[in-house]
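Okay, so here's the structure we're looking at.
Residue indices begin at 1 and follow the sequence shown. Note that ligands are numbered from 1 as they come in the structure, with each ligand's atoms numbered from 1 the same way. The figures that follow rest on heavy atoms only: side chains count, while hydrogens, waters and symmetry mates do not.
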Amino acid sequence: MPELPEVESLAADLRERALDRVIDRADIAEFSVLKTYDPPLAALHGATLADVTRHGKFLDLTVSTGSSQLHLITHLARGGWLRWREEIPPQPARAGKGPLAFRLRFTDGSGFDLTEAGTRKRLAVYLVKDPADVPGIASLGPDPLAPEFTADVLGGLLAGRRTQIKGVLRDQKIIAGIGNAYSDEVLHAARMSPFRLASSLNPEEVEALHQVIVETLRSAVERSAGLAASELKKEKKSGLAVHGRAGEKCPICGDVIREVSFADSALQYCATCQTGGKPLADRRLSRLLK
Ligand SMILES: [Zn+2]
């Protein structure tokens, strides 16, 4: 799933390639993808791409229609991706069983496809006058790469929250842009158990966690800067120390990377680095072993 660093790079890549290009047409190939109906997608025809930015994990294409500005916003969800194409077929995308969800074509013939792998279709597209009209954007917590995101701000967000730090870091309403992968990475770098209660961190731990959040995301953004959309997934994977690496060796201490599974996700961590050498209980695993 693309998180803050990947969406940041997608935005930069699109700015580089397509700023000032004029939109020929935009079509949905999967009916459920489009979450808004006013203005209609046809309002994009003839509009100029004015900017591409990011709100948390949402990608925001600002287009100018001459008289006003509209925002074409997408959330790629878990299996979604953006694929730039120098040549896009001029006929509208047809609804089908394939991964294609949305297609945008510029008048010069270039454009991009939004695709979604898997059977659970969660990719979302919105066309709005104001990004805040998208409920998921209106409710976003602070952006961890914004200058306002200080250790004090983080301390305020964690105070009184008697929930596990892993869930707090992933909650878009608390902090914008961090998902399952980078929360694993942040907690590993901070040498902190994913099950620590957020409210139990002392000021030094908050300070250290803040520094690790900013450094982890910033270095991921720097690594993917200048990469095309097609190269981002590989880069993300190669930069991860523990996430998605259960069974491999921890790059810091050499212990085996362990996993805790949940209904529809899993977290990875190093027991030596993060939990005093004690493996965390994996309820699904113990149920299987009974
Ligand atoms: Zn380790």
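- Ion pair K57/E3 not flagged as a salt bridge, since none of the NZ, NE, NH1 or NH2 atoms sits closer than 4.0 Å to an Asp/Glu carboxylate oxygen.
- A donor-acceptor pair is defined here as one N or O able to donate and one able to accept, closer than 3.5 Å; such a pair exists between the side chain of Y269 and the backbone of L280.
- Sorted by chain and number, the protein atoms of type N, O or S within less than 2.8 Å of the Zn ion (ligand 1) are C250 SG, C253 SG, C270 SG, C273 SG.
- Residue pairs meeting the salt bridge (Lys or Arg N to Asp or Glu O under 4.0 Å) criterion with at least one member in residues 126-142, sequence neighbours excluded, do not occur.
- Taking the charged nitrogens against the carboxylate oxygens, E116 and R78 have no contact shorter than 4.0 Å, which rules out a salt bridge.
- The salt bridge (Lys or Arg N to Asp or Glu O under 4.0 Å) test applied to E86 returns R17, not counting sequence neighbours.
- Not counting sequence neighbours, R218 has no partner by the salt bridge (Lys or Arg N to Asp or Glu O under 4.0 Å) test.
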